[in-house]
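Beneath this line is the structure, given in structure tokens, with notes to follow.
Atoms considered below: every heavy atom in the structure, side chains included; atoms not considered: hydrogens, waters and symmetry mates. Because the structure is a prediction, the values reported are computed rather than measured. One is the number of the first residue; the rest follow in order along the sequence.
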Amino acid sequence: MRSDNIKKGTDKIASRALLYSTGITKKQMDSPFIGIASSFTDLVPGHSGMRDLERHIEKGIHSGGGQSFIFGVPAICDGIAMGHEGMRYSLPSRELIADCVESVANAHALDGLVLLTNCDKITPGMLMAAVRLNIPCIVVTAGPMLDGKCENQQLTLIRGTFEALGQYKAGTITKEQLDKYEINSCPGVGSCQGLYTANTMACLTEVMGMSMTGCATAAAVSAKKRRIAFESGIKVVELVRENVLPKSIITKESLRNAIMVDLALGGSTNSILHLLAIANEAGIDVSLSDFDELSRKIPQIIKLDPSSTLTMTDLDNAGGIPAVLDTLGIIKNDVWVDNNVIRPLNNPITSNPGLAVLYGNISPEGAVVKISGIQQDSLKFEGTARVFVGEEAAMQAVSNNEVKAGDVVVITYEGPKGGPGMREMLAVTALIVGKGLGKEVALITDGRFSGGTRGLCIGHISPEAVDAGVIGLLKDGDKIKIDIENRVLEVELSDEEIEARRKQFKPADRQIPKGYLSRYAKTVSSASRGAVSV
């Protein structure tokens with residue numbers, strides 16, 4: 001066992017003494033040492049119920065013959081970090097999480113890991129660590145929260161807060177109604193109810209085989225989730241004894257399966273960043289071209305909040321990920337499928353995929369769009385650029401009714417390097433939708449979007465503005481063409497005009513002088529490569 005490096009031999013007397021001081025017995029010293037990388041914090045609702053799951057994982061590990069050790073991993077709530085400088089830390093925290101897990105697991109020669117996670121960047125960070133370490137690992141995602149209810153109306157975080165704020169500012173609901181939505185939208189612990197980034201990544205983790213069957217959709221407060229936590233503890237000890245490694249589970253085939261499910265679900269655009277980053281860590285050749293290729297073959301067969309009123313609760317009741325895999329023909333399961341929620345391939349919601357990659361002179365390296373969040377009659381759009389440096393300037397303009405039908409809101413310097421940190425634009429997109437402009441205003445950015453975003457929103461534009469990408473050369477009044485069905489994003493400028501503007505280009509100064517974000521900006525790669533640190 002790897003842990004023999006810290007517990008076997010006369011010369012390991014000091015490390016054994018320190019281990020005994022934690023309370024373990026001589027018999028336990030001979031057991032596989034299993035780390036529980038727990039991202040518990042009572043600051044993040046998706047993670048504040050993890051103390052209970054830690055207990056069940058520990059029981060499983062000990063029942064399986066292992067010895068468990070819990071250690072902490074940081075977690076950031078994107079919803080709380082949204083709309084201010086804190087969001088700059090969200091995506092960079094993914095690299096920090098992977099580094100934390102690697103550091104503790106290697107420093108203490110752990111034999112295996114249970115990765116207890118839930119929210120947006122924590123799950124991919126854990127998976128990156130799993131393939132980097134390549135020791136037996138299993139992931140437990142803590143599960144979605146229950147749906148909100150208010151006066152017989154179903155609520156989710158997006159509909160009950162971000163979009164409701166737009167409705168209030170548009171005068172369609174009262175302050176009293178807004179206050180009721182606020183207190184009732186998130187009724188307890190768990191990841192937010194819709195197919196946002198957290199739940200998208202939980203689903204894809206199950207597809208790749210890194211979590212137990214049913215884990216992705218089992219509610220955070222359910223007995224089913226407790227059983228999965230316990231069974232995961234038993235399973236990880238089996239994986240250690242059989243030497244089953246993450247790189248034998250996360251392969252090109254399983255990553256492409258994840259992409260296909262992502263397209264069929266219409267998941268968060270952030271999943272593209274994360275799958276690319278996981279592939280990079282594993283040394284697997286998966287790129288935006290895989291998403292583009294498969295997007296032309298996979299129709300959308302499920303539509304969940306924010307694109308419909310269905311939530312993760314409905315997906316779980318409809319058969320969960322096993323039913324999705326069976327419907328797509330990836331794995332044939334003898335499972336019940338509710339075809340009102342998970343449509344058959346011969347009767348999809350739409351022949352378009354849930355996600356797509358767009359190319360053109362604005363995005364020669366690619367941009368991503370969540371088709372599932374766009375109404376069919378908005379798939380082609382031509383409009384006039386309104387250019388803003390940073391999210392705050394755009395938010396103010398939308399709030400002040402300065403953005404009109406036919407505008408294309410262009411938010412620059414929000415990319416991985418130029419932000420730095422590649423902030424999410426959910427507050428702006430939700431305000432546009434809440435004001436009733438979701439079909440009449442487009443938004444493009446080198447930043448990214450929450451999985452809760454809907455409307456005509458295109459992100460991850462590469463190259464980004466700070467690198468003299470075309471998005472950083474756009475001016476108010478430029479004519480922009482969006483053709484999602486043909487995967488095109490272009491500005492009506494000649495190559496000569498673009499080059500003339502590039503010669504005059506001077507990047508906006510938005511750099512952070514010191515600290516983690518400063519170091520991140522110096523090492524992060526393009527969004528088209530997963531925004532990984534290199």
Side-chain angles (χ1 to χ4, degrees), residues 34-58 68-105 110 113-130 137-146 157 161 185-193 196-202 205 211 215-216 218-222 225-226 228-229 232-233 268 270 274 312 421 423-424 426 450-452 515-517 520:
I34 310 296
I36 302 173
S38 174
S39 49
F40 164 79
T41 168
D42 52 19
L43 185 60
V44 179
H47 294 237
S48 59
M50 286 183 175
R51 284 290 184 240
D52 182 58
L53 295 179
E54 289 173 359
R55 180 167 166 254
H56 285 79
I57 293 168
E58 281 184 313
S68 66
F69 298 92
I70 298 175
F71 64 92
V73 173
I76 288 174
C77 176
D78 280 22
I80 296 172
M82 193 79 64
H84 61 97
E85 291 297 304
M87 179 48 72
R88 298 194 189 284
Y89 289 89
S90 174
L91 181 60
S93 75
R94 185 188 69 185
E95 319 303 305
L96 193 62
I97 289 158
D99 291 348
C100 286
V101 175
E102 174 200 356
S103 298
V104 174
L110 297 176
L113 291 170
V114 178
L115 304 167
L116 179 56
T117 174
N118 212 23
C119 289
D120 299 37
K121 309 309 163 299
I122 301 92
T123 298
M126 296 277 205
L127 288 167
M128 290 165 67
C137 295
I138 193 166
V139 176
V140 177
T141 48
M145 70 172 62
L146 300 178
L157 172 71
T161 62
S185 290
C186 299
V189 300
S191 53
C192 301
Q193 304 98 331
Y196 317 151
T197 306
N199 291 326
T200 299
M201 289 308 301
T205 300
S211 61
C215 188
V221 295
S222 66
K225 181 63 72 177
R226 288 179 166 189
I228 288 170
S232 297
S268 165
N270 287 317
H274 301 323
M312 291 295 290
R423 290 192 292 177
E424 291 180 346
L426 175 59
S450 162
Y516 180 54
L517 291 182
Y520 178 80

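For the atom pair CD1 (Ile34) and SG (Cys137), the distance works out to 9.5 Å, reported to the nearest 0.5 Å. Rounding to the nearest 0.5 Å gives a distance of 6.0 Å between CD1 of Ile122 and OG of Ser93. Separation of atoms NE2 (His56) and CE (Met50) is listed at 15.0 Å; rounding is to 0.5 Å. In this structure, Leu43 CG and Thr41 OG1 are separated by 4.5 Å, a value rounded to the nearest 0.5 Å. Distance check: Ser48 OG to Asp42 CG gives 7.0 Å after rounding to the nearest 0.5 Å. Between the CE atom in Met82 and the CD atom in Glu424 there is a gap of 4.5 Å [rounded to 0.5 Å].
Two residues are said to be in side-chain contact when any heavy atoms from C-beta on lie closer than 4.5 Å; Leu517 and Pro92 meet this criterion. By the 4.5 Å heavy-atom criterion applied to side chains, Leu110 and Phe71 are counted as neighbours. Residues Lys225 and Cys215 form a side-chain contact, since some pair of their non-hydrogen atoms from C-beta on lies under 4.5 Å apart. Side-chain contact check for Val140 versus Ser211: every heavy-atom pair is 4.5 Å or farther apart. The shortest side-chain heavy-atom distance between Cys77 and Pro45 falls under the 4.5 Å cut-off. At a threshold of 4.5 Å between non-hydrogen side-chain atoms, the residues Ser450 and Met87 do not count as touching.
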Q) Are Cys100 and Val104 close enough, and set up right, to give a side chain to side chain contact (heavy atoms under 4.5 Å, CB included), and what steps lead you there? A) CA-CA 6 Å; Cys100 286; Val104 174; 5.7 Å; no

Q: Given side chain to side chain contact (heavy atoms under 4.5 Å, CB included), test Leu91 with Tyr520 step by step and report yes or no.
A: CA-CA 10 Å; Leu91 181 60; Tyr520 178 80; 3.8 Å; yes

Q) Please walk me through it: do Glu58 and Arg55 pass salt bridge (Lys or Arg N to Asp or Glu O under 4.0 Å)? A) CA-CA 5 Å; Glu58 281 184 313; Arg55 180 167 166 254; over 6 Å; no

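Pairs of residues two or more places apart, or lying in two chains, that qualify as salt bridge (Lys or Arg N to Asp or Glu O under 4.0 Å) and include a residue from residues 73-83 are Asp78-Lys121.
In terms of heavy-atom proximity, Thr141 sits nearest to Ala216 at OG1-CA, 4.1 Å. Taking every heavy atom of both residues into account, Cys119 and His47 meet most closely at N-NE2, 3.0 Å. In this structure, Ser39 and Pro74 approach most closely via the heavy-atom pair CB-O, 4.5 Å. Nearest heavy atoms, Asp52 versus Arg226: OD2-NE, 2.7 Å. Contact record, Ile76 with Val44: C-CG2, 4.1 Å, taken as the closest heavy-atom pair. The shortest heavy-atom contact between Ala37 and Val101 is CB-CG2, 4.3 Å.
In summary, of the residues considered (Asp120, Leu157, Thr200, Asn118), a side-chain contact (heavy atoms from CB on, under 4.5 Å) with Ser191 occurs for Asn118 alone.
A donor-acceptor pair is defined here as one N or O able to donate and one able to accept, closer than 3.5 Å; no such pair exists between the side chain of Glu102 and the backbone of Met128. A donor-acceptor contact shorter than 3.5 Å is absent between the side chain of Gln193 and the backbone of Met145.
By the side chain to side chain donor-acceptor pair (under 3.5 Å) test, Thr197 pairs with Ser268, Asn270, sequence neighbours left out.
With no hydrogens or angles considered, a side-chain donor-acceptor pair links Thr123 and Thr117 at under 3.5 Å.
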